[in-house]
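Written out below as structure tokens is the structure these notes cover.
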Amino acid sequence: MEVDMLEKLLPKFLERGMSLVWSLAFLFIGLKVINALRKVLRSALNRSNVDTGVVQFLDALVKTAAYAVLILALLARFGIQTTSFITLLGSAGVAIGLSLQGSLANFAGGILILMLKPFVVGDYISACGCEGTVTEISLFSTTLHTADNRNVVIPNGTLSNSNIIDYSANETRRVDMSVDVAYNSDLKQARRIIEEILDQDPLILKDPAYVVAVDKLGDSGITLLIRPWVKTENYWEVKWRVLEQVHDRLGEEKIEIPFPQMTIHMENE
């Protein structure tokens, strides 16, 4: 009796075992195919000089879709009716979509960013009260790396609807600086000193020409405007160096940089 039962159950166990083995092999092969497909896609996009953000976005999209197809194929191998499952999944997707409107907005925002290209990976931008270098544009968010070594993740929906300043968009930038000198200073001498500093700096461009001019007559002194043009990557280096040199040279030439002050006249009754 036991032998007969064993003879009946053994083929079923073998069939289930072989089905499990084939399913594991199918899963293994499927994962390998997905990885190979992603490598081919990334390689093709890189050869086409597509922006890094687009490559990252499409790679994540293909990965998600391929895993979904693989899961459905595995369910079909185990005899689960995927047609009804897909219908149920579609109905659930509508309900989930209504509850995840923010995530869908972020997804749509990511598509808009990649299509309109207000910035690309590697640009230094300011948006949503944060600024940093764009390191990744994913399906739902954009990651910025700040100058003090922090990562800021901004939802794409919020980012696509905000004001964005891209400091890396153009090859050149104007450096806006100013310095105050006392009212009793020789303005012509002060301008000559500043112009000498700008002329001697190798990173300051000759075209467009720099500007040194009186900006305003303030309460404590006269404000001189300093506006040289530089390559974008040299912005901070030139700004810090020029300000330091202006301070030192004006001090050497006895041109006073005034502190905030107020003159009070008192009259006797």
Side-chain angles (χ1 to χ4, degrees), residues 38 41-43 45-46 48-64 100-180 197-198 201-205 208 210-211 215 223 225-248:
R38 292 174 60 197
L41 176 65
R42 288 196 298 266
S43 178
L45 292 174
N46 289 329
S48 302
N49 294 323
V50 178
D51 291 336
T52 305
V54 177
V55 175
Q56 294 171 346
F57 187 90
L58 292 178
D59 179 57
L61 187 62
V62 169
K63 177 182 176 181
T64 302
L100 296 177
Q101 294 182 14
S103 297
L104 293 177
N106 292 332
F107 181 80
I111 295 177
L112 285 175
I113 289 172
L114 293 173
M115 289 178 59
L116 301 178
K117 294 184 179 179
F119 56 84
V120 296
V121 172
D123 283 0
Y124 190 91
I125 69 169
S126 174
C128 303
C130 305
E131 63 178 53
T133 303
V134 180
T135 57
E136 182 181 5
I137 304 174
S138 64
L139 289 174
F140 300 102
S141 63
T142 295
T143 303
L144 306 182
H145 187 75
T146 64
D148 56 350
N149 201 31
R150 293 178 299 160
N151 286 337
V152 180
V153 180
I154 304 177
N156 285 335
T158 303
L159 188 58
S160 63
N161 290 315
S162 67
N163 295 326
I164 302 171
I165 302 175
D166 189 348
Y167 296 102
S168 305
N170 301 309
E171 293 184 358
T172 60
R173 283 187 64 186
R174 189 182 69 190
V175 185
D176 291 349
M177 299 172 283
S178 63
V179 62
D180 288 351
I197 294 173
L198 300 180
D201 196 308
L203 297 182
I204 292 178
L205 302 176
Y210 62 73
V211 172
D215 186 37
T223 302
L225 195 67
I226 309 170
R227 288 184 172 178
W229 287 83
V230 299
K231 289 187 178 295
T232 300
E233 62 267 21
N234 298 327
Y235 179 89
W236 290 110
E237 181 181 353
V238 170
K239 182 172 184 177
W240 295 333
R241 180 169 60 227
V242 168
L243 285 176
E244 182 178 351
Q245 290 178 351
V246 167
H247 172 270
D248 293 344

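Predicted model only: the values in this text are computed from it and were never measured. All residue numbers refer to positions in the sequence shown, counting from 1.
- The environment of E233 atom CD is dense: over 12 non-hydrogen atoms of other residues, nucleotides or ligands sit within 6.0 angstrom.
- With hydrogens and angles disregarded, no donor-acceptor distance shorter than 3.5 Å links the side chain of N170 to the backbone of T172.
- Distance CD1/I226 to CG/L198: 6.5 Å, rounded to 0.5 Å.
- Every residue was checked against the side chain to side chain donor-acceptor pair (under 3.5 Å) condition with D123, not counting sequence neighbours, and none meets it.
- Here the CG atom belonging to D215 is positioned 4.5 Å from the CG atom belonging to L225, to the nearest 0.5 angstrom.
- Of all non-hydrogen atoms in T232 and S168, the two that sit nearest each other are CG2-CA, 4.3 Å.
- Minimum interatomic distance between A127 and I154 (heavy atoms only, all atoms of both residues): O-CD1, 4.0 Å.
- Between P228 and M177 the shortest side-chain heavy-atom distance falls below 4.5 Å.
- Not a single side chain to side chain donor-acceptor pair (under 3.5 Å) links S178 to another residue, sequence neighbours left out.
- Annotation for T133 and G122: closest pair CG2-O, 3.7 Å, computed over non-hydrogen atoms.
- Annotation: salt bridge (charged side-chain N to carboxylate O under 4.0 Å, His left out) contacts of D176 (sequence neighbours excluded): R174, R227.
- Applying the side chain to side chain donor-acceptor pair (under 3.5 Å) test to pairs two or more places apart or on separate chains, those with a residue in residues 147-163 are T142-N156, H145-N149, H145-N151, T146-D148, D148-R150.
- Qualifying salt bridge (charged side-chain N to carboxylate O under 4.0 Å, His left out) partners for D201, counting only residues two or more places apart in sequence or in other chains: R241.
- In this structure, CH2 in W229 is found 12.5 Å from CD in E171, a value given to the nearest 0.5 Å.
- Looking at every heavy atom in both residues, L205 comes nearest to K231 through CD1-N, 4.2 Å.
- Smallest separation of non-hydrogen atoms from F119 and I137: CE1-CD1, 3.9 Å.
- The side chain to side chain donor-acceptor pair (under 3.5 Å) check on T143 picks up nothing, with sequence neighbours excluded.
- G157 and N106 make their closest contact through N-OD1, 2.9 Å (heavy atoms, listed as atom of the first residue, atom of the second, distance).
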Task: Test log, rule side chain to side chain contact (heavy atoms under 4.5 Å, CB included), inputs L159 and I164 - done: CA-CA 8 Å; L159 188 58; I164 302 171; 4.3 Å; yes
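- Residues Y210 and V175 form no side-chain contact, since every pair of their non-hydrogen atoms from C-beta on lies 4.5 Å or further apart.
- Rounding to the nearest 0.5 Å gives a distance of 11.5 Å between CG of L116 and CD1 of I111.
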